[in-house]
Amino acid sequence: MARITASVYTSHVPAIGAALDMGKTHEPYWQQVFQGYEYGKQWIKDNPPDVIFLVFNDHATAFSLDMIPTFAIGTATEYMPADEGWGPRPVPKVIGAPDLAAHIAQSVIQQDFDLTIVNKMDVDHGLTVPLSLMYGQPQAWPCPVIPFAVNVVQYPVPSGQRCLNLGKAIRKAVESYDEDLNVHIWGTGGMSHQLQGPRAGLINKEFDKAFMDRMIEDPEGQAAVPHIDYVREAGSEGIELVMWLIARGAMSDLAGGPKPVVKHRFYHVPASNTAVGHLILENQQK
Ligand code: DHB
Ligand code: FE
């Protein structure tokens, strides 16, 4: 049977991708960001997943105001890096896992979550920057990825509670797949940031640190926090953080298992306009 063994959480700032692509990682400004991912890069070499279920948000790249799916699962065989206005990032195409993705879609929809099925989609910085942070600049991404897009761009957005419950349903779906696969689930986006309006540049370290504490210790409590609190406290783009709750909901402790082990925790301000947060949680082996 397939199993979720770990969850990885990270911000997805586009300027981080640009810094990598343009060879600026050793500049002092960027060094401070990238050193926070050195542990994760070694950890993922030592604990390679067979498949990554990658929860991210599209930034009006694949979807526009014409069509706004709340939750969309990628069932395609491959996904090309998107052109976000400066050409596509020079990163490998993303190979999908269509059989597992179709199984998860079937199971999660039958568990009463309405997913949009996506058979063709380009993937923007929301997906490619987390891959770059964890894997650097390989010729090909080391494993297949199931992209799972969440609408956190256009209101109304899903609640934290719904995201946590969806994570629980994804865990059940993965565990009902026959093949022996080691699956990682990633929650991406955040942390506090606001890109427009009078509060542009807002960062709230206290909110971010409390969020990370509760992601570890009290995800059910964090799930009860209403969307308006994210926007007030963490800025209009801080709402991206609800995606972390999907990954967290898929961890074993929320299905009666032991608490996950915190393998790594990193927080840095700023990268571009954003507070950068990164966590790695591992399920304890039974
Ligand atoms: C920035 C952050 C984001 O999450 C994003 O999607 C775009 C830009 C930024 O900090 O510049
Ligand atoms: Fe974003």
Side-chain angles (χ1 to χ4, degrees), residues 8-22 24-25 27 29-34 36-37 54-65 68-72 79 81-89 91 94 121-134 147-158 160 163 186-205 207-208 211-212 227 230-247 266-279:
V8 174
Y9 308 83
T10 178
S11 308
H12 66 210
V13 190
I16 291 178
L20 257 163
D21 301 343
M22 299 193 301
K24 293 187 172 180
T25 53
E27 290 182 2
Y29 180 91
W30 290 114
Q31 229 175 7
Q32 296 176 63
V33 176
F34 287 105
Y37 289 83
L54 205 160
V55 181
F56 77 110
N57 73 287
D58 175 75
H59 299 75
T61 307
F63 307 121
S64 69
L65 293 184
I68 308 166
T70 302
F71 300 119
Y79 309 87
D83 184 345
E84 301 183 55
W86 294 272
R89 287 191 63 212
V91 293
V94 175
M121 169 168 69
D122 290 348
V123 286
D124 73 9
H125 68 273
L127 186 130
T128 61
V129 167
L131 285 174
S132 296
L133 280 167
M134 292 300 288
F148 190 89
V150 179
N151 170 40
V152 288
V153 167
Q154 179 62 42
Y155 267 73
V157 297
C163 288
W186 293 13
T188 64
M191 300 197 78
S192 57
H193 62 303
Q194 170 145 347
L195 301 177
Q196 67 275 304
R199 297 200 309 162
L202 178 145
I203 296 225
N204 184 342
K205 290 185 189 171
F207 179 95
D208 290 338
F211 179 88
M212 288 176 95
H227 67 90
Y230 287 85
V231 177
R232 275 201 195 110
E233 301 292 326
S236 52
E237 277 67 46
I239 190 63
E240 289 178 346
L241 282 171
V242 289
M243 294 185 287
W244 291 34
L245 283 163
I246 298 178
F266 172 67
Y267 182 74
H268 175 76
V269 173
S272 189
N273 305 292
T274 306
V276 172
H278 173 40
L279 266 182

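One-based numbering, in listed order, for ligands and for the atoms of each.
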Can you give me the closest heavy-atom contact between [X] and [Y], atom names plus distance?
X: Ala275; Y: Ile203; answer: N-CD1, 3.5 Å
X: Ser272; Y: Trp30; answer: N-CH2, 4.4 Å
X: Thr188; Y: Gly126; answer: OG1-O, 3.8 Å

Give me the nearest non-hydrogen protein atom to [atom] as residue plus atom name, then the distance to 0.1 Å.
atom: atom 5 (C) of ligand 1; value: His125 NE2, 3.5 Å
atom: atom 11 (O) of ligand 1; value: Ser272 OG, 2.7 Å
atom: atom 4 (O) of ligand 1; value: His193 NE2, 2.7 Å

Donor-acceptor contact present, side-chain Asn57 to main-chain Asn151, <3.5 Å: no

Polar side-chain atom of Asn204 near backbone of Glu233 as donor-acceptor pair, under 3.5 Å: yes

Residue-ligand contact Pro14/ligand 1, heavy atom below 4.0 Å: yes

Polar protein atoms (N, O or S) that approach the Fe ion (ligand 2) to under 2.8 Å: His12 NE2, His59 NE2, Glu240 OE2

Per-residue contact class, His59 against ligand 1 - non-hydrogen pairs under 4.0 Å: side chain

Non-neighbouring partners of Arg199 that pass side chain to side chain donor-acceptor pair (under 3.5 Å), sequence neighbours left out: Gln194

Partner set under side chain to side chain donor-acceptor pair (under 3.5 Å) for Thr128, not counting sequence neighbours: Arg89

Parallel, tilted or perpendicular: ring planes of Tyr37 versus His278, cut at 30 and 60 degrees: parallel

His125 versus Glu84, side-chain donor and acceptor atoms under 3.5 Å: yes

Show the atoms of ligand 1 that are less than 4.0 angstrom away from any heavy atom in [X].
X: Asn273; answer: 9 (C), 10 (O), 11 (O)
X: Glu240; answer: 4 (O), 6 (O)
X: Thr274; answer: 1 (C), 2 (C), 9 (C), 10 (O)

Counterpart residues, ring-ring contact (aromatic ring centres under 6.0 Å, His included), relative to His268 (two or more places apart): none

